[in-house]
Amino acid sequence: MRPSLLRSASQALRRSRRDYSSASAAAAAERKVAILGAAGGIGQPLALLMKLNPLVSSLSLYDIAGTPGVAADVSHINSPALVKGFVGEEQLGEALEGSDVVIIPAGVPRKPGMTRDDLFNINAGIVKGLCTAISKYCPNALVNMISNPVNSTVPIAAEVFKKAGTYNEKKLFGVTTLDVVRAKTFYAGKASVPVTEVNVPVVGGHAGITILPLFSQATPASNALSHEDIKALTKRTQDGGTEVVEAKAGKGSATLSMAYAGAVFADACLKGLNGVPDVVECSFVQSTVTELPFFASKVRLGKNGVEEVLGLGQLSEFEKEGLENLKGELKSSIEKGIKFAHAN
């Protein structure tokens, strides 16, 4: 690699690390993060990104195979987090003990032609087993659920924790950050505004039409977008996962962008735990915002996890219609997860 490219890469990494909280109060806390499924397509880049986060003092990497190699590789990076790899069910407890945040990208990825529901039977069982271990070894950890279908795996986790007597609705999150990341990117491109300055709330769920970006609340506001533009941006955000699956032609799903989104949300959780004020991210959580028991909306994060679930704000007519249209499918996915948890 040429020296100029090396300098550019180094500068980019430093900038990315400055994006994380550098508040002295936040950085002082010792925080352990565990990644379950760390040897997979999402888990490996997520492990890299969490190793770069200065708020992480201990990084625990777990999977059913391959984690010793991932841990050895990531551990050579000159950042403060101490890395340990754990492999197999017999080491899961040690991987989890003392964790402040547990991130779960474990499971099988989507392939062409697969819906998130096609993943259900495999990933639901994996999630149930991992959450049973969490309830035993780190019941007070914040749990960041990435494993799809999130609309069902979060309710499964909730039921597992309830059965174990450890459920705290403030500490269970479905990671929907990738929907926000996509909405920001697509909006910035269409509205010709700087992408780093864009914010777009995304509510509902984390699959297809249950994903509802609120472009009427996007900042900076743009008058350049027509109703047809908004419809197209909404559809592209909803179909973002499929766009990547098809582009990879059967060789993967959205792993790199998902790892980035997972790292962004985990960083927000760590900031909240460390007392950084006004940390707000969208997430799929237990909610009374609608009649549904779980719903994604803006959430204020703090020392206890969820400090406040924020309302939807003012919606456009198009968004109101989208909200009503998503409820049936989201309700069905939530109920499917609850039914699985009780039946197995």
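We're numbering straight along the sequence, starting at 1. What you see below is based on every heavy atom in this structure, not just the backbone, and it leaves out hydrogens, waters and symmetry mates.
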Less than 4.0 Å between a side-chain N and a carboxylate O, is that true for [Y] and [X]?
{"X": "Glu281", "Y": "Lys298", "value": "no"}
{"X": "Lys331", "Y": "Glu335", "value": "yes"}
{"X": "Glu291", "Y": "Lys327", "value": "yes"}

Hey, does the side chain of [X] reach the backbone of [Y] with a donor-acceptor pair shorter than 3.5 angstrom?
{"X": "Ser297", "Y": "Gly311", "answer": "no"}
{"X": "Ser222", "Y": "Ala224", "answer": "yes"}
{"X": "Arg31", "Y": "Leu273", "answer": "yes"}
{"X": "Lys84", "Y": "Leu59", "answer": "no"}
{"X": "Asn144", "Y": "Ile103", "answer": "no"}
{"X": "Ser99", "Y": "Val101", "answer": "no"}
{"X": "Ser135", "Y": "Thr132", "answer": "yes"}
{"X": "Ser283", "Y": "Gly174", "answer": "yes"}
{"X": "Thr67", "Y": "Phe86", "answer": "yes"}
{"X": "Asn151", "Y": "His206", "answer": "yes"}

Once ring pair (Phe, Tyr, Trp, His ring centres under 6.0 Å) is applied, what residue pairs with a partner in residues 134-180 remain, sequence neighbours excluded? Phe173-Phe265
State whether a side-chain donor-acceptor pair under 3.5 Å links [X] with [Y].
{"X": "Ser58", "Y": "Glu30", "value": "no"}
{"X": "Asp229", "Y": "Ser226", "value": "yes"}
{"X": "Lys51", "Y": "Ser79", "value": "yes"}

Is there side-chain contact between Thr234 and Thr237, with at least one heavy-atom pair below 4.5 Å? no
Determine whether Glu319 and Ser216 satisfy the following criterion, side-chain hydrogen bond (donor to acceptor under 3.5 Å, both in side chains), listing intermediate values before the conclusion. CA-CA 8 Å; Glu319 291 160 356; Ser216 70; 2.7 Å; yes
Would you please classify the geometry between the His227 ring and the Phe318 ring as parallel, tilted or perpendicular, with 30° and 60° separating the classes? perpendicular
Could you state the interatomic distance from CG (Leu52) to CG (Asn78), rounded to the nearest 0.5 Å?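 Atom-to-atom, Leu52:CG and Asn78:CG are 9.0 Å apart.
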If I compare all heavy atoms of Gly66 with all of Val87, which pair ends up nearest, and what's the gap?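 In this case the closest contact between Gly66 and Val87 is N-CG2, 4.4 Å.
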Closest contact, heavy atoms only, Val264 versus Thr177: CG1-CG2, 4.2 Å
Do Phe340 and Phe120 make the cut of ring centroids closer than 6.0 angstrom? yes
